[in-house]
4 protein chains.
Amino acid sequence: MEKQFIFEQITEMWNNHIPFNSLLGFTITQMTEEYAEIQFDWQDKLMGNPIQKILHGGVTASVLDMVGGVVISANLIGRINKPDKKKIADKLSKFCTIDLRTDYLRPGKGKSFVATARIIRHGSKVAVARMELHNEKGEHIAFGTGTYMV
Amino acid sequence: MEKQFIFEQITEMWNNHIPFNSLLGFTITQMTEEYAEIQFDWQDKLMGNPIQKILHGGVTASVLDMVGGVVISANLIGRINKPDKKKIADKLSKFCTIDLRTDYLRPGKGKSFVATARIIRHGSKVAVARMELHNEKGEHIAFGTGTYMV
Amino acid sequence: MEKQFIFEQITEMWNNHIPFNSLLGFTITQMTEEYAEIQFDWQDKLMGNPIQKILHGGVTASVLDMVGGVVISANLIGRINKPDKKKIADKLSKFCTIDLRTDYLRPGKGKSFVATARIIRHGSKVAVARMELHNEKGEHIAFGTGTYMV
Amino acid sequence: MEKQFIFEQITEMWNNHIPFNSLLGFTITQMTEEYAEIQFDWQDKLMGNPIQKILHGGVTASVLDMVGGVVISANLIGRINKPDKKKIADKLSKFCTIDLRTDYLRPGKGKSFVATARIIRHGSKVAVARMELHNEKGEHIAFGTGTYMV
């Protein structure tokens, strides 16, 4: 299988069949071996503070965790020799987040948001990604660092 | 106002009027100046991994952020001299999470979950809480550390 | 070899042959599979702030990283079947810190200090320890969480 | 006083009168309101692992904590209206690290090292910096994030 085709299939699956992502409205819009992107729109149900009308801190942590996981999964898959369904499923079955740090820089205000991730450590056991969250005005809302078992 | 009465009112408000907490089914069950507790039940929409049927890492981060915020809010309010609505609203208006670290120890499996928080640093500018997540069997699912602006 | 004997030998080696530990005066005083302890005395060279006469934040991070590494090493060795020098050296050769979080609770004042560590996650690839630093009065100076590759 | 002159004086003081920095051979080589840099050379006493001949993880954490503190101090001082010795001393007297996260990407091998820091959050109570450590070949050894009380 072509890598690009694999990433499209996984994107389609994760966008539609991970209940919590659907609940929050997360859509993976880029998935490559070094970079990933998730977009989502403001919805009142994502509100953590009704007075200030800002994102719940948990929404921010959730999207950062997710987008970091997307880029690291893509990287893992990209390194499989002659990938097929079984090899991919095997690889991803061990994948999990070990720890996640979220730094909240500004209140989560906006109409739409984009979370991005880049890999900073590739490894055979552990991988690390750095993530960012911006709103539609380009305001930087949060930073994240995620360590994942691979 | 009596502190206990204030905490009950805030608990009632946060349990019913923070949209994201309602969406996830979080219920504050204890709020004191040193300790707080949130309970929630498994719901399919909280699933991060349909194959393994476990909590999305973002749900874990969300409840740890929230329960840490509850104990620190209670502590802040407890230190107000003759608290009234205005003083409490003033105090809480500045409150926000600065950073949050989540350590995932085990897959988030279970029928119901309890998140707990204790204060480890009281300060006039910054407070720190340590949080834990367990399931109904007492299995320890995650640890967290949250730093909050107060 | 008996585990207790192995731990004594490693303690002796690490106390005397890791240059940076000697420089800072760190002494491992307990090494078991679930718990470790390091002691050190105040020395002016450890000062980070000459006006306040307190430990440099880097000293605190160093001792927490070290004591977490001690308990996790002990745990790794404890799980080796019929341990011998080669097996132990193999096991420890892959060992390294992935990430370390230090929470500074109080200024590092004191005449002597004790750092302690407990394991919170055992794993075949990754282990996590929680660490604390207290002074001789029992004042709690810092918390730490370390994630280690094993 | 001119800002540039102030930064030179502080650099001189911190390079020569913080015992732990002298012990480790840290030299501040840049201090501006948005960016700071510290250089240091390999010395055997900084070794954490005699077999691999690499930096102790505590050295890495120490220099990242320090360089983050330098850029944030410069930023604080830069925002003082008509700075004088008293105002600067007052401002810096409250300054301390709240928490520090270090991500170890590669073994700390090299002849000389440079740690850099940029501010990612300016605030009236709390500031956050992101730090990096590279060796003389440009290899990226570690990342850090520090949260400071200001």
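The sequence lines fix the lettering, A, B, ..., with proteins before strands; numbering per chain opens at 1. What you see below is based on every heavy atom in this structure, not just the backbone, and it leaves out hydrogens, waters and symmetry mates.
- Residues Val150(D) and Gly123(D) approach most closely at CG2-O, 3.5 Å, considering heavy atoms.
- Under the 4.5 Å side-chain criterion, counting only non-hydrogen atoms from C-beta, Arg118(C) is not in contact with Glu132(C).
- A salt bridge links Arg101(C) with Asp99(D): the distance from a Lys NZ or Arg NE/NH1/NH2 to an Asp or Glu carboxylate oxygen falls below 4.0 Å.
- In terms of modelled atom types and a separation under 3.5 Å, the side chain of Glu136(D) and the main chain of Lys111(D) share a donor-acceptor contact.
- With a 4.5 Å cut-off on non-hydrogen atoms, Leu24(D) touches chain C through its side chain but not through its backbone.
- Between Val63(C) and Leu133(C), the shortest heavy-atom contact is CG1-CD1, 4.1 Å.
- Contact annotation for Gln52(C): only side-chain heavy atoms (C-beta onward) come within less than 4.5 Å of a heavy atom of chain D.
- When heavy atoms are compared at a cutoff of 4.5 Å, Val59(C) approaches chain D by way of both its backbone and its side chain.
- Between chain D and the options Trp14(C), Phe143(C), Phe20(C), the largest number of non-hydrogen pairs under 4.5 Å is found for Phe20(C).
- Ranked by heavy-atom pairs shorter than 4.5 Å toward chain D, the options Gly48(C), Ser93(C), Gly69(C), Pro107(C) are led by Gly48(C).
- For the set Pro19(C), Gly58(C), Gly144(C), the entry with the most heavy-atom pairs within less than 4.5 Å of chain D is Pro19(C).
- In terms of non-hydrogen atom pairs under 4.5 Å with chain C, the most contact-rich of Ile54(D), Thr147(D), Thr145(D), Leu46(D) is Leu46(D).
- Comparing Leu23(C), Asp65(C), Asp44(C) by how many heavy-atom pairs each has under 4.5 Å with chain D, the most go to Leu23(C).
- Contact check for Ile6(C) versus Pro83(C): side-chain heavy atoms found under the 4.5 Å cut-off.
- Under the 4.5 Å side-chain criterion, counting only non-hydrogen atoms from C-beta, Trp42(D) is in contact with Leu55(D).
- Heavy-atom distances place the backbone of Ile98(C), and not its side chain, under 4.5 Å from chain D.
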